[in-house]
Amino acid sequence: MEQASFLMPGIPVSDGTLRTLHQELGEVDGVPALMTDLSYGESYFHEKLWLYTAEQKIEGSLPRVRFSKREVSRSEMTIVDEHFALVGEEFADDLKGWALVRVNDNQCSPQTIVTRCTLYQQYTTEEALQVAAKSYGGLT
């Protein structure tokens, strides 16, 4: 399991000085969405938005997380209660997580992953601890 990686809430994807976006998974008119506190009325100048997507996969028998990113234009976003949201079925996927990062020149916002993925929990049991300890020669 040395090469294993797990998707879980709170994985950092960026660390910077711009204001952190509050993000949560929700719904807009019954469609899954990534909700943000990015205000419609804020001034953004040359700021860009990058959506980082983390996907939990099983490769062989090994859990792995793969990351991708894409730039998001504000025209792709929906305005909900004067805040931007990304809306689409993609945000219902229990094996994915997301972080929307603000980028302006060399600065970015500190952001972490939001996800519904719970695969990692099966590796946090007492039984899993004992198996891991045994693989390292036991607990001392």
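The first residue of the sequence shown is numbered 1, and numbering continues consecutively from there. In this text the structure is predicted, and so the values were computed from the model without any measurement.
Judged purely by atom type and a 3.5 angstrom limit, Glu90 has no side-chain atom pairing as donor or acceptor with the backbone of Pro32. A distance-only check finds a donor-acceptor pair linking the side chain of Thr20 to the backbone of Pro110 [under 3.5 Å]. A donor-acceptor contact shorter than 3.5 Å is absent between the side chain of Gln107 and the backbone of Thr17. No donor-acceptor distance shorter than 3.5 angstrom exists from the side chain of Gln56 to the backbone of Lys96, with no hydrogens or angles considered.
Val87 and Val72 are members of different hydrophobic clusters when ILVMFWY side chains are connected at heavy-atom separations under 4.5 Å. Under the 4.5 Å side-chain contact rule for hydrophobic residues, Val80 and Val114 do not share a cluster. Linking Ile, Leu, Val, Met, Phe, Trp and Tyr whenever their side-chain heavy atoms come within less than 4.5 Å leaves Leu18 and Val103 in two separate clusters. Linking Ile, Leu, Val, Met, Phe, Trp and Tyr whenever their side-chain heavy atoms come within less than 4.5 Å puts Trp50 and Val13 in one cluster.
Between Gln111 atom CD and Leu21 atom CG the span is 4.5 Å, to the nearest 0.5 Å. Expressed to the nearest 0.5 Å, how far CD1 of Ile58 lies from CZ of Arg64 amounts to 11.0 Å. Between the CD atom in Gln23 and the CD1 atom in Ile113 there is a gap of 8.5 Å [rounded to 0.5 Å]. For the atom pair Asp105 CG and Glu47 CD, the distance stands at 10.5 Å (nearest 0.5 Å). Considering CG of Leu49 and OG of Ser73, their distance stands at 9.0 Å, rounded to 0.5 Å. A distance of 8.5 Å separates OG1 of Thr115 from CG of Asp93, quoted to the nearest 0.5 Å.
Qualifying ring-ring contact (aromatic ring centres under 6.0 Å, His included) partners for Trp98, counting only residues two or more places apart in sequence or in other chains: Phe91. Partners of Tyr52 by ring-ring contact (aromatic ring centres under 6.0 Å, His included), not counting sequence neighbours: none found.
For the pair Asp81 and His83, the tightest heavy-atom approach, listed with the atom from each and the gap, is O-ND1, 2.9 Å. Summarising the geometry of Asp15 relative to Cys108, their closest heavy-atom pair is O-SG, 3.8 Å, with the distance given to 0.1 Å. Scanning all heavy atoms of the two residues, the minimum distance from Ala99 to Thr112 falls at CB-O, 3.6 Å.
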For the pair Glu76 and Arg70, evaluate side chain to side chain contact (heavy atoms under 4.5 Å, CB included) and give the outcome as yes or no after the intermediate values. CA-CA 12 Å; Glu76 292 178 64; Arg70 70 177 181 87; 2.9 Å; yes
Report the C-alpha separation of Met77 and Ile79 in whole Å, then their side-chain angles, then the decisive distance to 0.1 Å, and conclude whether the side chain to side chain contact (heavy atoms under 4.5 Å, CB included) test is met. CA-CA 7 Å; Met77 302 179 84; Ile79 298 169; over 6 Å; no
Derivation of the side chain to side chain contact (heavy atoms under 4.5 Å, CB included) call for Glu55 and Leu7: CA-CA 7 Å; Glu55 185 171 7; Leu7 176 57; over 6 Å; no
What pairs of donor and acceptor atoms, side-chain ones from residues 33-40 against any protein atom, are under 3.5 angstrom apart with sequence neighbours left out?
from  : atom 1 : to    : atom 2 : distance (Å)
Thr36 : OG1    : Leu38 : N      : 3.1
Thr36 : OG1    : Phe84 : O      : 2.5
Asp37 : OD1    : Arg19 : NH1    : 3.3
Asp37 : OD1    : His22 : N      : 3.0
Asp37 : OD2    : Arg19 : NH1    : 3.2

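Contact of the Arg66 side chain with the Glu59 side chain is registered, since non-hydrogen atoms from C-beta on lie closer than 4.5 Å.
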